[in-house]
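We number each residue from 1, following the sequence as shown.
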Amino acid sequence: MSKLRYSFFFLSSLILPQETFLEGFPDVPILEGMVEIHPEGRFVFDTPSGTIAETIMISDYDEAEAIKRYSVNLIALGWNCTQSNIKLLCTRDQHRLILDTKKSTEKKTLINIRVEPNKE
């Protein structure tokens, strides 16, 4: 088991050069080129069936690139992800993570990130 942890840590350090994670979200990194718009407005609510949290990020990447970058990093963190060009759906343990993108300006993308209990 410890060999697996070391491999996971090593792989994560290669993919995630900065280890900043969204507070209140289970292992959801803030990737390079992406910024949380209003951290003080982040919604985090604990329920008996699990945490519900939501925030909005802005990215320097287009929609497809932002989803691709999150997919690679979340899979490395143990999430099971299914992606389209503008949306990413991931599950891990009792969590379901949804990333929806929307074009903001010519060069920016808004990413709505939501975690909720996985009911499947």
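A donor-acceptor pair is defined here as one N or O able to donate and one able to accept, closer than 3.5 Å; no such pair exists between the side chain of Arg114 and the backbone of Asp100. At least one donor-acceptor pair under 3.5 Å links the side chain of Thr109 to the backbone N or O of Tyr61.
When hydrophobic side chains of Ile, Leu, Val, Met, Phe, Trp and Tyr are connected at separations under 4.5 Å, Ile52 ends up clustered with Phe43, Phe45. Through direct or indirect side-chain contacts shorter than 4.5 Å among Ile, Leu, Val, Met, Phe, Trp and Tyr, Ile98 is connected to Leu89. Taking Ile, Leu, Val, Met, Phe, Trp and Tyr as members and joining any whose side-chain heavy atoms lie under 4.5 Å apart, directly or through other members, the hydrophobic cluster of Ile37 also contains Val35, Ile56, Ile58, Leu110.
In this structure, Thr82 has no side-chain hydrogen bond (donor to acceptor under 3.5 Å, both in side chains) partners at least two apart in sequence or on a different chain. With sequence neighbours excluded, the residues that form a side-chain hydrogen bond (donor to acceptor under 3.5 Å, both in side chains) with Ser71 are Gln83. The salt bridge (Lys or Arg N to Asp or Glu O under 4.0 Å) search around Lys102 returns none, not counting sequence neighbours. Looking at residues two or more places apart in sequence or on another chain, you find a side chain to side chain contact (heavy atoms under 4.5 Å, CB included) between Asn118 and Thr91, Arg96, Glu120.
For the pair Trp79 and Val28, the tightest heavy-atom approach, listed with the atom from each and the gap, is CZ2-CG2, 4.3 Å. Nearest heavy atoms, Gly24 versus Thr51: O-CG2, 3.9 Å. Considering all non-hydrogen atoms of both residues, Pro26 and Arg92 come closest at O-NH2, 3.8 Å. Looking at every heavy atom in both residues, Ile111 comes nearest to Ser59 through CD1-CB, 3.9 Å. Heavy atoms only, all atoms of each residue included: Ser49 and Pro117 are closest at O-CB, 3.3 Å. Nearest heavy atom pair, residue Lys103 against residue Thr105, reads CG-O, 3.5 Å.
The closest side-chain heavy-atom distance from Leu77 to Pro29 is below 4.5 Å. In this structure the side chain of Tyr70 never reaches within 4.5 angstrom of the side chain of Ile75, judged on heavy atoms. Counting heavy atoms from C-beta outward, Lys87 and Leu99 have side chains that stay 4.5 Å or more apart. Looking at heavy atoms from C-beta onward, Leu74 lies in side-chain contact with Leu88 at the 4.5 angstrom threshold.
Here the straight-line distance linking atom CG of Leu31 with atom CE of Met34 works out to 5.0 Å at 0.5 Å rounding. With rounding to the nearest 0.5 angstrom, the CD1 atom of Ile86 is 12.0 Å from the CG atom of Asp62. Note that CG of Asn80 and CG of Asp93 are 9.5 Å apart. Values are rounded to the nearest 0.5 Å.
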Take Met57 and Ile113, measure what side chain to side chain contact (heavy atoms under 4.5 Å, CB included) needs, and give me the verdict at the end.
CA-CA 8 Å; Met57 308 276 291; Ile113 301 177; 3.5 Å; yes

Working for salt bridge (charged side-chain N to carboxylate O under 4.0 Å, His left out), residues Asp60 and Lys107
CA-CA 6 Å; Asp60 294 335; Lys107 295 183 178 180; over 6 Å; no

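Here salt bridge (charged side-chain N to carboxylate O under 4.0 Å, His left out) pairs that include residues 36-49, with residues two or more places apart or in two chains, are Glu36-Arg42. Residue pairs that meet the salt bridge (charged side-chain N to carboxylate O under 4.0 Å, His left out) test with at least one member in residues 63-75, sequence neighbours left out, do not exist here. Applying the disulfide bond (SG atoms under 2.5 Å apart) definition to pairs two or more places apart or across chains, none involves residues 91-120. Among residue pairs with one or both ends in residues 27-77, none qualify as disulfide bond (SG atoms under 2.5 Å apart); sequence neighbours excluded. Applying the disulfide bond (SG atoms under 2.5 Å apart) definition to pairs two or more places apart or across chains, those involving residues 54-120 are Cys81-Cys90.
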